[in-house]
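Accompanying notes for the structure given below.
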Protein chains: 2
Amino acid sequence: MNISAVAEAAGLPVKTVRYYSDIGLVPAPGRSSAGYRSYDDSAVRKLVFVRRAREFGFSVEECRELLGLYEDRHRSSADVKRIAAKRLEEIAEKQRELQSLHDELAHLVEACRGDDRPDCPIIDSLGNRYGGL
Amino acid sequence: MNISAVAEAAGLPVKTVRYYSDIGLVPAPGRSSAGYRSYDDSAVRKLVFVRRAREFGFSVEECRELLGLYEDRHRSSADVKRIAAKRLEEIAEKQRELQSLHDELAHLVEACRGDDRPDCPIIDSLGNRYGGL
DNA sequence: CTTGACCTTCCAGTAACTGGAAACACTAGA
DNA sequence: TCTAGTGTTTCCAGTTACTGGAAGGTCAAG
């Protein structure tokens, strides 16, 4: 399989597949006589794994770790669970921040008249308690 | 005010204050005879404005835009509202994604036994429908 | 044989800083 | 006055995870 075929099969851009190969996240593929990268099904599976793990918020380094666990005959699900739980906690924290940000901004947008007059609660709230910028 | 004083007053790292000055997000400060940056209260106000806008999810370029609107005598709150509303929409979208991600991952973590056995729903769900990696 | 799609490498850029090195400046204590 | 310690300067490099583009080689169809 050439790179574009494997990229499509894995649901990733060609550039990204090349990048993952370059950084050794997936093994370096074989090469055709012309130097084209040649991937097999195992590469597709690994790339799918990586894509989905990335969608789950795992960093590339964590993907590397997960791939390692996955391939390790002695992998323990405890290791995977620990990593996933840590990630989950971070996601929850991000959610809380995003929620408060959303609420506050929504409140401000609502309070903003949106006409041509210079009064604007958004700007006021960003720059206040100094009596103007 | 030296840079560390203004940084503390604005609630930003020194490096970041220097960076904001370098990229012209806030005006280049005056210099002491020794070449030290010398900030005034107006700089502190602008840095506070930027810090808070950044916390609201505005990009540095949007901060630049907002600062411009803020300082423009003819600024209209409609412009600010438009920018904030756009941002708000993006935040809501991010929230939805984060929510589904959170739910799915939480489900998997819960289903994962977390013992030393190699079965792990997390890994299965990331790499499945290929019969193993 | 040409055209167009596909592939290669390499370099640069993104966003928003952050870290570190080398060197100069200022201040407080002995 | 010397010295130690901290603050400041500039500049360069690195971070994350790609993405875009240039210059050029390859392949398959018509």
Side-chain angles (χ1 to χ4, degrees), chain A residues 1-26 28-40 43 46-67 83 86-87 90-91 94 97 101, chain B residues 1-26 28-40 43 46-67 83 86-87 90-91 94 97 101:
Chain A
M1 277 173 114
N2 278 351
I3 197 166
S4 62
V6 77
E8 183 169 8
L12 287 168
V14 168
K15 278 271 191 185
T16 302
V17 174
R18 203 176 279 126
Y19 173 70
Y20 286 164
S21 302
D22 285 352
I23 64 172
L25 180 59
V26 297
R31 298 290 181 132
S32 74
S33 57
Y36 284 21
R37 288 175 182 80
S38 179
Y39 294 89
D40 57 13
K46 286 176 189 182
L47 287 166
V48 168
F49 181 96
V50 169
R51 175 177 59 75
R52 298 173 72 189
R54 294 278 305 121
E55 284 168 2
F56 268 71
F58 292 94
S59 74
V60 165
E61 284 316 303
E62 284 165 334
C63 289
R64 204 188 291 274
E65 202 177 344
L66 284 168
L67 270 179
I83 294 170
K86 181 165 164 285
R87 181 75 9 202
E90 288 168 20
I91 288 170
K94 245 190 165 53
E97 282 173 17
L101 195 149
Chain B
M1 280 172 112
N2 278 351
I3 196 167
S4 61
V6 76
E8 184 170 7
L12 288 169
V14 168
K15 278 270 190 185
T16 303
V17 173
R18 202 176 279 125
Y19 173 70
Y20 285 164
S21 301
D22 285 352
I23 63 171
L25 181 58
V26 298
R31 297 292 181 131
S32 74
S33 56
Y36 284 20
R37 286 175 183 79
S38 180
Y39 294 89
D40 58 13
K46 286 177 189 181
L47 286 167
V48 168
F49 181 96
V50 170
R51 175 176 60 75
R52 296 173 76 190
R54 293 281 301 124
E55 286 168 2
F56 268 73
F58 293 95
S59 74
V60 164
E61 284 316 302
E62 284 165 335
C63 287
R64 204 188 292 274
E65 202 176 345
L66 284 168
L67 270 177
I83 294 170
K86 181 164 164 285
R87 182 73 12 202
E90 288 168 19
I91 288 169
K94 244 188 166 51
E97 282 173 16
L101 195 149

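dT8(D) atom C1' lies 8 Å from atom CG of Asn2(B), rounded to whole Å. Regarding Glu61(A), its CD atom lies at a distance of 7 Å from the P atom of dA17(D), rounded to whole Å. Whole-Å rounding puts the Tyr39(B) OH to dT8(D) C1' distance at 11 Å. In this structure, Ile23(B) places its CD1 atom 17 Å from P of dG13(C), rounding to the nearest Å. In this structure, CD of Glu62(B) is placed 14 Å from C1' of dA16(C), rounded to the nearest angstrom. Remark: P of dC18(D) and CG of Leu12(A) are 8 Å apart, rounded to the nearest angstrom.
Side-chain nitrogen and oxygen atoms of Arg64(B) include none within less than 4.0 Å of the OP1 or OP2 phosphate oxygen of dA15(C). Under 4.0 angstrom from either OP1 or OP2 of dA5(C) there lies no side-chain N or O belonging to Ser4(A). Neither OP1 nor OP2 of dT16(D) sits under 4.0 Å from any side-chain N or O of Tyr19(A).
Annotation: the span from Glu61(B) atom CD to Ile23(B) atom CD1 amounts to 7.0 Å, rounded to 0.5 Å. Here the CD atom belonging to Glu65(A) is positioned 8.5 Å from the OG atom belonging to Ser59(A), to the nearest 0.5 angstrom. Atoms OG and CZ, from Ser4(A) and Arg18(A) in turn, are 9.5 Å apart once rounded to the nearest 0.5 Å.
Between Lys15(B) and Ser59(A), the residue anchored closer to the 5' end of DNA chain D is Lys15(B), taking for each the nucleotide with the nearest heavy atom. Residue order along DNA chain C, read from the 5' end via each residue's closest nucleotide, puts Gly35(A) first among Gly35(A) and Pro13(B). For Val60(B) and Ser32(B), each mapped to the nucleotide of DNA chain C holding its nearest heavy atom, the one lying further toward the 5' end belongs to Val60(B).
Taking each heavy atom of Arg51(B) and Ala10(B) in turn, the nearest pair found is NE-O, 2.6 Å. When all heavy atoms of Gly24(A) and Arg64(A) are compared, the closest pair comes out as O-NH1, 3.3 Å.
Residue contacts for Ile3(B): at a heavy-atom cut-off of 4.0 Å it reaches the sugar-phosphate backbone alone, with no base atom in range. Arg18(B) comes within contact range of at least one nucleobase, with a heavy-atom separation under 4.0 Å.
When distances run from any side-chain atom of Tyr36(A) to the nucleotides dG21(D), dT8(D), dG25(D), the shortest one goes to dG25(D). With dT8(D), dC18(D), dT8(C) as the candidates, the nucleotide lying closest to the side chain of Arg37(A) is dT8(C). Comparing dT8(C), dT9(D), dC18(D) against the side chain of Arg31(A) picks out dT8(C) as the nearest.
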